[in-house]
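Everything on this sheet refers to the single structure shown next.
All chains are named by letter (A, B, ...) in the order of the sequence lines, taking the proteins before the strands, and each is independently numbered beginning at 1.
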Amino acid sequence: MQAANKLKKQLTAAKFAEEVLTWQHQHGRHDLPWQQPATPYRVLVSEIMLQQTQVSTVIPYFQRWMQALPTLEALASANEDEVMALWQGLGYYSRARNLQKAAHYIVHELNGKFPEELESIQKIPGVGRYTAGAIRSFAYDTYGPIVDGNVRRLFCRIFGIEGPPTSSAVNKELWQYAETLTPEKNNRRFAQGLLDLGATLCTKRNPSCQDCPFASSCVAFQEQRITELPNPKAKKAIPTKIGHFLWIENLENNSLRLVKRPSKGIWASLWSLPEVSEKPLEAELKGSFKHVFSHYKLEAKVWAMTSANVEIMNHLEEANPEYQLPTDAVADLENSKTLNSLGLPTPIRAFIETHWQTKAE
DNA sequence: AACTCGGGGCT
DNA sequence: AGCCCAGAGTT
């Protein structure tokens with residue numbers, strides 16, 4: 001293939017793997033929490049958490065998760081609110097829901113037997129091509145090609161791959177390189193080496209090319225095009241949306257109304273202040289906040305509802321029938337334990353904590 | 001191929 | 001303020 005031909009001019013696949021393995025042994029990361037022990041469950045949880053999330057952010061979440069849900073069976077039988085609470089603050093909450101789906105799938109449909117083949121691993125909910133390869137490599141130490149942001153940057157520079165870095169053409173070429181270069185042995189260390197090279201040496205800015213084992217053959221380094229490879233992404237403007245949330249206090253028992261959001265869409269399956277499509281008629285502004293998502297900015301207004309709560313909630317249910325409004329959808333904020341047992345979006349939680357403190361004084 | 005999913009860290 | 005991060009699922 002094209003990848004193999006380009007490769008031959010520079011270095012063979014065997015030589016490439018040998019360099020990665022040697023470098024990883026001497027300079028790679030060996031103390032990440034999910035490396036010891038690298039069981040399939042621990043690798044699965046860590047890889048899902050690490051999707052689009054930095055290592056330093058994941059570590060405390062991973063530790064807390066393993067403390068609470070140490071096995072696949074524990075996750076499968078856990079309460080969804082507990083799962084979402086453990087995930088709260090990590091973002092991309094469908095990952096948490098998929099992770100529990102994955103546990104259900106393996107425990108109940110695969111008889112608790114974690115799959116071992118690349119194709120069967122990729123059938124796990126939330127597991128794509130990258131994560132399947134990572135599980136093969138890290139959990140079983142078997143052949144499992146990986147292409148993530150680190151590998152993309154590393155390969156685009158070493159082999160001088162041009163084009164939009166996430167386009168299908170570049171993506172296809174990157175996976176061809178990965179399949180060609182991945183060895184049949186020492187896959188755990190090889191995969192870790194690729195990630196470590198990208199994360200600690202071949203960084204986005206100011207890469208340490210003087211310490212790189214591939215400096216002599218790296219297209220980007222030899223041609224001094226480090227800042228041009230991979231090609232920068234085309235940036236797109238993101239829209240701003242207005243959101244309306246309700247602040248409904250029950251003064252009799254000092255509680256605040258929360259609702260569980262739908263299982264699809266933004267903040268799926270998390271608890272939140274009730275959201276409505278338009279500003280309520282009789283309400284005064286309790287406060288506002290802004291929040292930035294990947295694909296839009298949210299300008300949120302929180303409206304205080306002071307009376308006729310029953311009517312308001314009936315109206316809310318009619319307007320948003322997809323919202324669950326069970327009788328337990330009330331958090332008594334005199335007891336912060338109740339709040340901490342539920343998963344709430346970060347800005348919603350921050351707003352509640354701020355305004356509840358103010359009131360208590 | 002484009003869009004939808006968060007939130008934090010870093011410059 | 002902008003960009004990136006051990007991506008996957010949906011349309």
Side-chain angles (χ1 to χ4, degrees), chain A residues 28-29 32-35 38 43-62 84 87-99 101-102 121-139 144-154 164-172 174-175 178 188 191-200 202-206 227 230 232-239 241 261-270 272 290-298 343-350:
Chain A
R29 295 173 291 187
L32 297 171
W34 40 88
Q35 291 177 322
V43 170
L44 172 65
V45 172
S46 66
E47 288 301 335
I48 300 297
M49 285 186 172
L50 286 161
Q51 289 171 7
Q52 300 294 287
T53 310
Q54 293 184 349
V55 168
S56 58
T57 301
V58 165
I59 287 176
Y61 281 88
F62 179 81
M84 301 313 291
W87 203 270
Q88 107 117 280
L90 267 183
Y92 283 158
Y93 295 94
S94 64
R95 294 184 293 171
R97 297 184 347 102
N98 279 337
L99 198 44
K101 278 188 192 171
I121 293 173
Q122 207 171 332
K123 286 191 173 65
I124 300 172
V127 174
R129 192 171 179 180
Y130 161 79
T131 302
I135 290 173
R136 285 274 296 178
S137 298
F138 294 131
I146 56 170
V147 174
D148 75 325
N150 291 306
V151 177
R152 174 177 297 109
R153 191 168 53 251
L154 187 70
T166 58
S167 67
S168 59
V170 169
N171 214 41
K172 182 177 180 182
L174 287 168
W175 277 103
R188 180 176 288 144
Q192 191 65 55
L194 290 184
L195 300 181
D196 293 347
L197 278 166
T200 70
C202 193
T203 49
K204 173 70 178 173
R205 280 184 298 274
N206 302 322
T227 59
K233 281 186 201 169
K235 54 183 173 183
K236 56 176 181 180
I238 61 176
K241 298 183 181 180
R261 296 178 63 88
S263 59
K264 291 186 176 183
I266 203 77
W267 294 333
S269 303
L270 271 65
S272 168
K290 295 181 179 180
H291 191 69
V292 181
F293 296 106
S294 304
H295 47 303
Y296 67 89
K297 297 177 185 174
L298 173 66
L344 275 75
T346 299
I348 297 288
R349 170 176 288 261

Excluding sequence neighbours, so at least two apart, what forms ring-ring contact (aromatic ring centres under 6.0 Å, His included) with Phe62(A)?
Trp34(A)
Under 4.0 angstrom, heavy atoms only, what part of the nucleic acid is [X] near: base, sugar-phosphate, or nothing?
| X | value |
| --- | --- |
| Pro232(A) | nothing |
| Leu32(A) | base |
| Trp87(A) | nothing |
| Thr131(A) | sugar-phosphate |
| Gly265(A) | sugar-phosphate |
| Tyr130(A) | base |
| Arg205(A) | sugar-phosphate |
| Ile266(A) | sugar-phosphate |
| Lys264(A) | nothing |
| Leu90(A) | base |
| Arg152(A) | nothing |

Can you measure [X] atom [atom1] to [N] atom [atom2] for me and round it to whole angstrom units?
| X | N | atom1 | atom2 | answer |
| --- | --- | --- | --- | --- |
| Gln51(A) | dG8(B) | CD | C1' | 17 Å |
| Tyr61(A) | dG7(B) | OH | C1' | 8 Å |
| Lys297(A) | dG7(B) | NZ | C1' | 16 Å |
| Tyr92(A) | dG6(B) | OH | C1' | 6 Å |
| Lys290(A) | dG7(B) | NZ | P | 18 Å |
| Arg97(A) | dG6(B) | CZ | C1' | 15 Å |
| Leu50(A) | dG9(B) | CG | P | 15 Å |
| Phe293(A) | dG7(B) | CZ | P | 6 Å |

Heavy-atom nearest nucleotide on DNA chain B taken for His295(A) and for Gly89(A); more 5' hit belongs to His295(A)
Would you kindly compare Gln52(A) and Ser167(A) by the position of their nearest DNA chain B nucleotide and give the one closer to the 5′ end?
Ser167(A)
Answer yes or no: does a side-chain N or O of [X] lie under 4.0 Å from OP1 or OP2 of [N]?
| X | N | result |
| --- | --- | --- |
| His291(A) | dG7(B) | yes |
| Tyr296(A) | dC5(B) | no |
| Thr346(A) | dG8(B) | yes |
| Trp267(A) | dG7(B) | yes |

Check: Ser56(A) side chain, dG8(B) base, donor-acceptor under 3.5 Å:
no
Donor-acceptor pair (no angle test) under 3.5 Å: Ser294(A) side chain, dG6(B) base:
yes
Parallel, tilted or perpendicular, as decided by the 30° and 60° cut-offs, for the rings of Phe293(A) and His291(A)
perpendicular
Contact interval (first through last nucleotide) of DNA chain C with protein chain A, 4.0 Å heavy-atom:
dC3(C) to dG9(C)
For atom P, what is the distance between dT11(C) and dG6(B), given to the nearest Å?
16 Å
Mind checking the P distance from dA6(C) to dT4(B)? Whole angstroms is fine.
24 Å
Measure from the side-chain N and O atoms of Arg95(A) to the backbone N and O of Gln51(A), and report whether any donor-acceptor pair falls under 3.5 Å.
yes
Distance alone, cut at 3.5 Å: any donor-acceptor contact between the side chains of Tyr93(A) and Gln88(A)?
no
Can Thr227(A) and Arg205(A) be counted as having a side-chain donor-acceptor contact under 3.5 angstrom?
no
Just so I know, are the side chains of [X] and [Y] near enough to count as touching, which here means a heavy-atom distance under 4.5 Å?
| X | Y | answer |
| --- | --- | --- |
| Asn150(A) | Arg153(A) | yes |
| Arg129(A) | Gln122(A) | yes |
| Thr57(A) | Leu90(A) | yes |

Of Gln122(A) and Val55(A), whose closest DNA chain C nucleotide lies nearer the 5' terminus?
Val55(A)
dist Ser263(A):OG -> Leu270(A):CG (nearest 0.5 Å) comes out at 12.0 Å
